[in-house]
Trainee: 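Please read through the structure below; I'll follow up with questions.
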Amino acid sequence: MNERKIIDRKYICDLAKEVGLTTLDLEALGENHHWEIVVEGNLLERMIETQRQFERLAVIGDEECRGFYIEVPRPTSEDWGNAEELIASGEYSSMDAYLSDWLAFNPMETRWFYVTSRKYGNNRSIHVTDRKFTHFVISNRSSYYEKKFDDVCCKENLTRFFDFLNLMIGVIVTDSDGFNEYVANNLPYQQRTGRISRKNLVRIVPSLRIDVEDREMTVKALEDSIQGCSLSPIETMTIRKYCKFYRIANEAYKAYHKKRDIGGRINKDSKRDLQKISDVAYYKYMKYVDVENLYNVDSQEDFIRFATDYYGELGLSRLNILASNVQHQGWKIVVSNSYSSNVGLAMEVAVSLYKADAPLHIYDAEKLLSILKEEDFVRLVPDSYHNYMGYQEEGTVYELPWEYECSDEKNSFLTLEQYHDIISHTEWESEKRVEPIS
């Protein structure tokens, strides 16, 4: 009778070593063909066979999709390169220098990836991500272009990868409880989802607090918007009237970034005195739209014709200043923010308009107010890039750095104490179990 193996890091890494697979192989696969690897011939047969093995697992949701986490060891210093040759060629001055680079490029002993097998009609694919980025997709059909696949090294890496997946599926089928328990206890927190109260997060990391220059007035602006107590709408809206409010908002936008020493296009006007030009000329200068020649700037009909696309976006922030007569008897100036990373900026822009007596409506005012008062939660996610406020119930998101990135050094993201404090105060979601088909 075969003794059931204890599923732990050593056991899984030994399986990877058995087929010769390391993170270096997966990184190499991710560097090919715009992350898409189209297979044919023997490799397509191997892919189909591997997908048949996936069919021993229950589907995820109601789609023809099955998946699970894998843990892959980093290459040894010997696997990473030929140190003696690199030192002899002058690439490295010593073995210590070589090992320092090896460790810098491979800071973690293992890395976790999530692998899914998908079939839709005649389309087959295997996706490999770390829940932050898609590393590569193996497919029988190209989404981009047709390109003959003839990379020998890549074929060898794919063969090792398929071999490893088949071994892992065997492990899951044999002991799904042991596998799921291992994932639950060992998956890095950077690849999990959870939430923490904002009060706890800013207590641990004060620099994450959302600060505004005039807190009292910001609270009042948000409360008035929630209660519908802002000034009466404007009876008619024209480009000339709108440009006045756009200018106020854009100046607040620039001041916010200047205070935080963020350069770029927002400082392009530093060599020109914009105080002396009209609001319409200001808009033309900032948005590269010659509204005076294209429209009648005192006509409401022409404003409606003008107000399309991203006419009110500040920079490339997805923070928009709009004029709207929807649900109002007249026109209101609307602050509409998309990215959760811009909540502080949105509040500063909104309060600048509020102080200028704009008939103001602030989208998501209730959520912004709860963020400012630190009465909400922050969602911890693997990937926070371009996160929209409407994606989650929580006000904003936070992407936890890797543990090796945390130290007491000045330029560190967090101290190790802060890192572990955040983890201990976060409510983590349970990972979905992988179940074999009974």
Trainee: Where is the tightest heavy-atom contact between D211 and E348, given as atom of each residue plus distance?
Mentor: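 Residues D211 and E348, closest heavy atoms: O-OE2, 4.2 Å.
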Trainee: Between S370 and E375, do the side chains contain a donor N or O and an acceptor N or O under 3.5 Å apart?
Mentor: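 Checked: E375/S370 side chains show no N/O donor-acceptor pair below 3.5 Å.
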Trainee: Is it true that S139 and R141 share a donor-acceptor pair across their side chains at a distance under 3.5 Å?
Mentor: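 Absent: no donor and acceptor within the cut-off.
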Trainee: For the backbone of E405 and the side chain of S412, can you confirm whether one donor and one acceptor N or O come within less than 3.5 Å of each other?
Mentor: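 Checking the backbone N and O of E405 against the side chain of S412, a donor-acceptor pair under 3.5 Å is found.
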Trainee: When you measure from the centre of the six-membered ring of W112, is the NZ or CZ of K132 closer than 6.0 Å and no more than 45° off the axis?
Mentor: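 Negative - K132 is either too far from the ring of W112 or too far off its axis.
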Trainee: Do you know the tightest heavy-atom contact between T110 and P73?
Mentor: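 So the two residues come closest at CG2-CA, 4.0 Å.
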Trainee: Could you please spell out the steps behind the side chain to side chain donor-acceptor pair (under 3.5 Å) verdict for T415 and E417?
Mentor: CA-CA 5 Å; T415 65; E417 182 180 359; 5.2 Å; no
Trainee: Are Y354 and K220 close enough that a side-chain donor and a side-chain acceptor fall under 3.5 Å?
Mentor: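 Yes, because at least one side-chain N or O of Y354 sits under 3.5 Å from a partner of the opposite role on K220.
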Trainee: Who are the salt bridge (charged side-chain N to carboxylate O under 4.0 Å, His left out) partners of D290, not counting sequence neighbours?
Mentor: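 Partners of D290 by the salt bridge (charged side-chain N to carboxylate O under 4.0 Å, His left out) criterion, ordered by chain and then number, come out as K284.
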Trainee: If you draw the axis of the six-membered ring of Y256, does the NZ or CZ of R260 fall within 45° of it and under 6.0 Å from the ring centre?
Mentor: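 Yes; both conditions hold, so R260 lies above the ring face of Y256.
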Trainee: With a 3.5 Å distance limit and no angle check, can you tell me whether W428 reaches the backbone of I423 through a side-chain donor-acceptor pair?
Mentor: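 Between the backbone of I423 and the side chain of W428 there is a qualifying donor-acceptor contact (under 3.5 Å).
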Trainee: Looking at W102 and P75, what are the two nearest heavy atoms and their distance?
Mentor: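 Nearest pair, atom of W102 first, then P75: NE1-O, 3.0 Å.
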Trainee: Please list all pairs meeting salt bridge (charged side-chain N to carboxylate O under 4.0 Å, His left out) that have one or both residues in residues 317-334, counting only residues at least two apart or in different chains.
Mentor: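 Those involving residues 317-334 are E313-R318.
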Trainee: Any side-chain to backbone donor/acceptor pair from N180 onto V434? Under 3.5 Å, distance only.
Mentor: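 It does hold such a pair.
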Trainee: Taking atom CG of N42 as the centre, does the number of heavy atoms from other residues, nucleotides or ligands within less than 6.0 Å exceed 12?
Mentor: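 Not more than 12 within 6.0 Å, no.
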Trainee: Does the distance from a Lys or Arg side-chain N to an Asp or Glu carboxylate O, for K254 and E251, drop under 4.0 Å?
Mentor: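 Looking at E251 together with K254, the answer is yes, because their closest N to O distance falls below 4.0 Å.
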Trainee: Does T134 have any side chain to side chain contact (heavy atoms under 4.5 Å, CB included) partners at least two apart in sequence or in another chain, and if so, which?
Mentor: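 Listed in chain order: T129, V137.
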Trainee: Determine, for K244 against D279, whether the closest basic-nitrogen to carboxylate-oxygen distance falls under 4.0 angstrom.
Mentor: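 A salt bridge is absent here (no side-chain N lies under 4.0 Å from a carboxylate O).
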Trainee: Mind checking whether F136 and F161 have ring centres under 6.0 Å apart?
Mentor: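 When the ring centroids of F136 and F161 are compared, they turn out to be within the sub-6.0 Å range.
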Trainee: Determine whether a donor-acceptor pair (N or O, by modelled atom type, separation under 3.5 Å) exists between the side chain of S424 and the backbone of D421.
Mentor: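 Looks like yes, one N/O pair under 3.5 Å.
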Trainee: Aromatic contact between W402 and F413, with the criterion being ring centroids under 6.0 Å apart: yes or no?
Mentor: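 Here the rings of F413 and W402 have centres that are no less than 6.0 Å from each other.
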Trainee: Judged by atom type as modelled, is there a donor-acceptor pair below 3.5 Å linking the side chain of Q329 to the main-chain atoms of P233?
Mentor: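 No, Q329 side chain to P233 backbone: no donor-acceptor pair under 3.5 Å.
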Trainee: Under a 4.0 Å N-O cut-off, is there an ion pair linking R56 with E435?
Mentor: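 Salt bridge absent between R56 and E435.
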Trainee: Are more than 12 heavy atoms, taken from residues, nucleotides or ligands other than Y404, located less than 6.0 Å from that residue's OH atom?
Mentor: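 Correct, the count exceeds 12.
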Trainee: Have Q300 and W331 got a donor and an acceptor in their side chains that come within less than 3.5 Å?
Mentor: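 Per modelled atom types, Q300 and W331 side chains form a pair under 3.5 Å.
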Trainee: Under a 4.0 Å N-O cut-off, is there an ion pair linking E109 with R111?
Mentor: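 Salt bridge absent between E109 and R111.
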Trainee: Can you list the residues that meet the side chain to side chain contact (heavy atoms under 4.5 Å, CB included) rule with E427, with sequence neighbours excluded?
Mentor: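 Scan of E427 (side chain to side chain contact (heavy atoms under 4.5 Å, CB included), adjacent residues dropped) gives R195, F377.
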Trainee: Looking at R74 and D79, is any side-chain nitrogen of the basic one under 4.0 Å from a carboxylate oxygen of the acidic one?
Mentor: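 Looking at D79 and R74, the cut-off is not met.
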Trainee: Show your working on side chain to side chain donor-acceptor pair (under 3.5 Å) between S117 and R124 and close with a plain yes or no.
Mentor: CA-CA 8 Å; S117 170; R124 294 174 172 270; over 6 Å; no
Trainee: Between N387 and Q392, is there a side-chain donor-acceptor contact under 3.5 Å, judged purely by atom types and distance?
Mentor: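 Yes, side-chain donor-acceptor contact under 3.5 Å.
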Trainee: When you look at CD1 of I437, are more than 12 heavy atoms from neighbouring residues, nucleotides or ligands closer to it than 6.0 Å?
Mentor: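 More than 12 within 6.0 Å, yes.
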Trainee: Are I422 and L400 close enough, and set up right, to give a side chain to side chain contact (heavy atoms under 4.5 Å, CB included), and what steps lead you there?
Mentor: CA-CA 9 Å; I422 290 173; L400 196 67; 4.0 Å; yes
Trainee: If you measure only the distance, is there a donor-acceptor pair under 3.5 Å linking the side chains of Y282 and N250?
Mentor: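 There is such a pair between these side chains.
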Trainee: Can the ring centroids of H386 and Y388 be said to lie less than 6.0 angstrom from one another?
Mentor: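 Aromatic pair excluded; centres sit 6.0 Å or further apart.
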Trainee: For the residue pair F306 and Y295, categorise the inter-ring angle as parallel (less than 30°), tilted (30 to 60°) or perpendicular (more than 60°).
Mentor: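 F306 and Y295: perpendicular rings.
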Trainee: Is there a donor-acceptor pair under 3.5 Å between the side chain of N200 and the backbone N or O of I196?
Mentor: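 Pair absent, no side-chain N/O of N200 close to backbone of I196.
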Trainee: If you measure from the Lys or Arg side-chain nitrogens to the Asp or Glu carboxylate oxygens, is any gap between R131 and E399 under 4.0 Å?
Mentor: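 Between E399 and R131 there is no salt bridge, as every charged N stays at least 4.0 Å from the carboxylate O atoms.
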Trainee: Do T50 side-chain atoms and R46 backbone N/O form a donor-acceptor pair below 3.5 Å?
Mentor: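 Answer holds: yes.
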Trainee: Under 4.0 Å between a side-chain nitrogen and a carboxylate oxygen: does that hold for D298 and K241?
Mentor: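 Looking at K241 together with D298, the answer is no, because their closest N to O distance does not fall below 4.0 Å.
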Trainee: Yes or no on salt bridge (Lys or Arg N to Asp or Glu O under 4.0 Å) for E394 and R198, after CA distance, side-chain angles and deciding distance?
Mentor: CA-CA 10 Å; E394 296 81 6; R198 191 175 300 277; over 6 Å; no
Trainee: Within the side chain of Q51, is there an N or O that forms a donor-acceptor pair under 3.5 Å with the backbone of S125?
Mentor: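 Between the backbone of S125 and the side chain of Q51 there is a qualifying donor-acceptor contact (under 3.5 Å).
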Trainee: Could you check whether any side-chain N or O of W80 sits under 3.5 Å from a backbone N or O of L24, counting only pairs where one atom can act as donor and the other as acceptor?
Mentor: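 Such a contact is absent between W80 side chain and L24 backbone.
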Trainee: Checking side-chain polar atoms at under 3.5 Å, does Y92 have a donor or acceptor matched by the opposite partner on D101?
Mentor: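 A donor-acceptor contact under 3.5 Å links the two side chains.
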Trainee: Report the C-alpha separation of E55 and K119 in whole Å, then their side-chain angles, then the decisive distance to 0.1 Å, and conclude whether the salt bridge (Lys or Arg N to Asp or Glu O under 4.0 Å) test is met.
Mentor: CA-CA 11 Å; E55 291 172 6; K119 291 194 301 180; 2.7 Å; yes
Trainee: Would E40 and K155 count as a salt bridge (Lys or Arg N to Asp or Glu O under 4.0 Å) if you check the C-alpha gap in whole Å, the side-chain angles of each, and the deciding distance to 0.1 Å?
Mentor: CA-CA 11 Å; E40 57 187 6; K155 288 179 179 178; over 6 Å; no
Trainee: Sequence neighbours excluded, which residues qualify as salt bridge (charged side-chain N to carboxylate O under 4.0 Å, His left out) partners of D364?
Mentor: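 Counting only residues at least two positions away or on another chain, D364 forms no salt bridge (charged side-chain N to carboxylate O under 4.0 Å, His left out).
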Trainee: Is the closest basic N to carboxylate O distance between D302 and R305 below 4.0 Å?
Mentor: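 Yes, D302 and R305 are salt-bridged.
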Trainee: Counting only N and O atoms by type, is there a donor-acceptor contact under 3.5 Å from the side chain of Q418 to the main-chain atoms of I204?
Mentor: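 Side chain of Q418 to backbone of I204, a donor-acceptor pair under 3.5 Å: yes, one is there.
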Trainee: Checking R66 against E64 for the salt bridge (Lys or Arg N to Asp or Glu O under 4.0 Å) test, could you report, in this order, the C-alpha distance in whole Å, the side-chain angles of both residues, the deciding distance, and whether it holds?
Mentor: CA-CA 7 Å; R66 298 168 170 84; E64 186 65 18; 2.8 Å; yes
Trainee: Salt bridge check: are E429 and R379 linked by an N-O gap of less than 4.0 Å?
Mentor: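 Yes, this pair counts.
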Trainee: Centroid-to-centroid, F113 to Y69, below 6.0 Å?
Mentor: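 Centroid distance F113-Y69: not below 6.0 Å, so no.
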Trainee: So, using side chain to side chain contact (heavy atoms under 4.5 Å, CB included) as the criterion, who are the partners of E409 when residues are at least two apart?
Mentor: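 E409: side chain to side chain contact (heavy atoms under 4.5 Å, CB included) contacts with S407, N411.
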Trainee: If I compare all heavy atoms of F54 with all of G67, which pair ends up nearest, and what's the gap?
Mentor: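 Where F54 meets G67 most closely, the heavy atoms are CE2-CA, 4.3 Å.
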Trainee: Does a donor on one side chain and an acceptor on the other come within less than 3.5 Å for Y182 and E71?
Mentor: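 Indeed, the side chains of Y182 and E71 share at least one donor-acceptor pair under 3.5 Å.
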Trainee: Are E49 and R52 close enough for a salt bridge, meaning some N to O gap below 4.0 Å?
Mentor: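 Result for this pair is yes, salt bridge flagged.
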Trainee: Parallel, tilted or perpendicular for Y311 and F303, by the 30°/60° rule?
Mentor: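 Y311 and F303: perpendicular rings.
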Trainee: Any chance CD of E393 has more than 12 other-residue heavy atoms, nucleotides or ligands included, within less than 6.0 Å?
Mentor: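 Not buried by this count: 12 neighbours or fewer within 6.0 Å.
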